[in-house]
Visitor: 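For reference, the structure I am asking about is given below.
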Amino acid sequence: MVNKLPQVFSYSGEDALSSSLGAYILKLQDTTLQRPGHSKFRVAISGGSLPATLVKDPRALLYNPDTKWPQWEIFFADERAVPLDHPESNYHLFKKTIVDKIPTGRRHGKPTIYPIDDTFLEAGDERGVTQEIADAYEQTLVRCFAAKDSVKVPVFDLVLLEAGPDGHTAALFPGHELLREDSAWVAAIEDAPVVPQKRITLTLPVLTHANHVVFVATGEGKRDVLKRVFEVPEEGLPCDLVNAQAGGGRVAWFVDDKAIEGVQGFVKGTL
């Protein structure tokens with residue numbers, strides 16, 4: 001029977017969390033690249049405060065010579081339907097926060113990044129543009145993950161997610177019909193309960209088929225949602241669904257003490 005309880009790693013502050021998270025990711029990187037036939041480390045990442053947390057301790061990942069950036073392939077677990085240079089763009093945030101700060105030199109290099117095709121936005125605010133962006137991004141995944149063989153879903157080596165205050169993750173929101181999507185790899189949403197409302201997202205089957213899923217949640221503002229996620233999993237929040245469908249052995253939560261204080265219903269992890 002699959003263990004449905006994910007491990008939770010808790011830290012006194014964001015600096016310690018960032019250091020440990022960086023070490024955890026590099027261990028996954030090395031394990032992946034050591035497998036026969038695996039020359040790439042494929043990661044899907046969300047936006048929000050996640051990129052900043054990843055480099056809060058820049059020595060852990062950003063400036064670490066053991067980070068094999070040229071072998072990373074970066075995809076986006078969700079993205080806003082905005083131009084790539086827009087302040088709301090997850091690509092723009094990731095590039096500004098991490099990629100632009102990667103040192104140059106023989107030990108470093110840049111990861112390969114797969115953003116959305118924002119040229120579809122040139123058509124203006126016409127209905128269907130967000131779906132066109134989602135369809136094009138799905139074809140990007142097909143080319144990267146199924147160039148030689150037919151696969152049911154792409155399998156990322158790592159998916160990095162945040163937990164929204166309402167329990168949403170990526171652009172999958174509580175009670176939304178996209179939670180029932182089981183055939184598309186990438187879906188469009190035009191009625192998100194937050195702005196901007198038009199977004200694309202990896203679907204639940206893609207998120208839960210990753211080899212490893214990591215959630216990051218920090219601060220007192222996340223305490224209420226963590227109590228719901230871990231103590232009332234039957235509520236079926238998107239974060240709950242990832243925990244349950246991916247299985248505890250593949251899901252880890254990195255949190256600070258302020259976020260997890262008083263929360264029960266999880267397995268405390270040790271690294």
Side-chain angles (χ1 to χ4, degrees), residues 3-35 41-69 71-74 77 90 93-94 97-99 101-103 107-108 111 156-165 169-170 207 210-223 225-227 229-230 239 242-243 246-271:
N3 175 20
K4 298 296 184 181
L5 294 177
Q7 287 192 315
V8 175
F9 303 97
S10 179
Y11 302 90
S12 59
E14 286 194 52
D15 287 337
L17 187 157
S18 179
S19 298
S20 186
L21 177 58
Y24 185 88
I25 291 173
L26 288 187
K27 183 177 180 180
L28 297 181
Q29 167 203 268
D30 292 344
T31 300
T32 298
L33 297 177
Q34 287 168 5
R35 296 206 308 264
F41 183 49
R42 288 172 167 166
V43 180
I45 186 170
S46 283
S49 62
L50 184 53
T53 301
L54 288 174
V55 296
K56 183 73 173 178
D57 178 1
R59 300 165 300 176
L61 200 65
L62 182 61
Y63 300 150
N64 193 328
D66 293 329
T67 306
K68 299 178 175 65
W69 287 119
Q71 292 177 265
W72 284 47
E73 290 187 343
I74 304 292
N90 286 341
L93 177 65
F94 184 79
T97 307
I98 297 181
V99 178
K101 298 178 181 178
I102 296 174
R107 287 191 175 185
H108 295 275
F156 286 94
D157 299 307
L158 172 63
V159 173
L160 289 163
L161 299 170
E162 280 197 315
T169 194
L207 297 180
N211 288 327
H212 299 277
V213 179
V214 170
F215 283 96
V216 177
T218 59
E220 294 180 20
K222 295 297 176 71
R223 190 180 302 162
V225 72
L226 292 189
K227 287 183 72 69
V229 167
F230 291 111
C239 292
V242 174
N243 278 346
R250 290 189 287 124
V251 182
W253 285 72
F254 281 74
V255 302
D256 64 6
D257 294 343
K258 291 180 180 179
I260 205 68
E261 182 180 352
V263 179
Q264 300 177 352
F266 60 86
V267 177
K268 188 171 178 59
T270 57
L271 292 178

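One-based numbering along the sequence shown.
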Visitor: Report the C-alpha separation of Asp257 and Ser10 in whole Å, then their side-chain angles, then the decisive distance to 0.1 Å, and conclude whether the side chain to side chain donor-acceptor pair (under 3.5 Å) test is met.
Guide: CA-CA 6 Å; Asp257 294 343; Ser10 179; 2.5 Å; yes

Visitor: CG of Asp256 to OG of Ser18: how many Å apart, nearest 0.5 Å?
Guide: 12.0 Å

Visitor: Ser46 and Ala77: which non-hydrogen atoms are nearest, and at how many Å?
Guide: OG-CB, 3.7 Å

Visitor: For the backbone of Gln29 and the side chain of Lys68, can you confirm whether one donor and one acceptor N or O come within less than 3.5 Å of each other?
Guide: no

Visitor: Could you walk me through whether Ser20 and Phe9 satisfy the side-chain contact (heavy atoms from CB on, under 4.5 Å) test, starting with their C-alpha distance in whole Å, then the side-chain angles of each, then the deciding distance to 0.1 Å, before giving a yes or no?
Guide: CA-CA 9 Å; Ser20 186; Phe9 303 97; 5.6 Å; no

Visitor: Does Phe215 have any ring pair (Phe, Tyr, Trp, His ring centres under 6.0 Å) partners at least two apart in sequence or in another chain, and if so, which?
Guide: Trp253

Visitor: Would you indicate whether Lys227, at its atom NZ, is surrounded by more than 12 heavy atoms from other residues, nucleotides or ligands within a distance under 6.0 Å?
Guide: yes

Visitor: For Val213, is there any backbone N or O sitting under 3.5 Å from a side-chain donor or acceptor partner on Arg250?
Guide: no

Visitor: Determine, stepwise, if the pair Leu54 / Ile45 fulfils side-chain contact (heavy atoms from CB on, under 4.5 Å).
Guide: CA-CA 11 Å; Leu54 288 174; Ile45 186 170; 3.6 Å; yes

Visitor: Could you walk me through whether Leu158 and His212 satisfy the side-chain contact (heavy atoms from CB on, under 4.5 Å) test, starting with their C-alpha distance in whole Å, then the side-chain angles of each, then the deciding distance to 0.1 Å, before giving a yes or no?
Guide: CA-CA 5 Å; Leu158 172 63; His212 299 277; 4.1 Å; yes

Visitor: With rounding to the nearest 0.5 Å, note down the distance linking CG in Asp157 to CD1 in Ile25.
Guide: 12.0 Å

Visitor: Evaluate salt bridge (charged side-chain N to carboxylate O under 4.0 Å, His left out) for Arg42 paired with Glu73, printing each intermediate quantity in order.
Guide: CA-CA 5 Å; Arg42 288 172 167 166; Glu73 290 187 343; 2.7 Å; yes

Visitor: Tell me the closest heavy-atom pair linking Tyr63 and Pro103, and the distance in Å.
Guide: CD2-CG, 3.5 Å

Visitor: Does Asp57 have any salt bridge (charged side-chain N to carboxylate O under 4.0 Å, His left out) partners at least two apart in sequence or in another chain, and if so, which?
Guide: Arg59

Visitor: What closest approach, in Å, do Val242 and Val251 show between heavy atoms, and which atom pair accounts for it?
Guide: O-CG2, 4.1 Å

Visitor: For Ala217 versus Ala259, what's the shortest heavy-atom pair and its separation?
Guide: O-CB, 3.8 Å

Visitor: Do the non-hydrogen side-chain atoms of Val216 and Ser49 ever get within less than 4.5 Å of each other?
Guide: no

Visitor: Just how far is it from atom CD1 of Ile102 to atom CH2 of Trp72, taken to the nearest 0.5 Å?
Guide: 8.5 Å

Visitor: Tell me, with the steps shown, if Val55 and Lys101 meet side-chain contact (heavy atoms from CB on, under 4.5 Å).
Guide: CA-CA 10 Å; Val55 296; Lys101 298 178 181 178; 5.8 Å; no

Visitor: To the closest 0.5 Å, what do you measure between CZ (Phe41) and OG1 (Thr67)?
Guide: 10.0 Å

Visitor: Between Ala163 and Cys239, which heavy-atom pair has the shortest distance, and what is it?
Guide: CB-SG, 3.7 Å

Visitor: Any idea which heavy atoms bring Thr218 and Lys222 closest together, and the distance?
Guide: O-CG, 3.4 Å

Visitor: How far does CG of Leu50 sit from CG of Asn90, to the nearest 0.5 angstrom?
Guide: 9.5 Å

Visitor: Measure the spacing between CG of Asn211 and CZ of Arg35 and express it to the nearest 0.5 Å.
Guide: 5.5 Å

Visitor: Do Thr53 and Phe254 have side chains that approach each other closer than 4.5 Å (heavy atoms only, starting at C-beta)?
Guide: no

Visitor: So do Val225 and Pro165 actually touch side chain to side chain, heavy atoms under 4.5 Å?
Guide: no

Visitor: Under 3.5 Å, side chain of Thr169 to main-chain N/O of Glu162, donor-acceptor pair present?
Guide: yes

Visitor: Is there side-chain contact between Phe266 and Val229, with at least one heavy-atom pair below 4.5 Å?
Guide: no

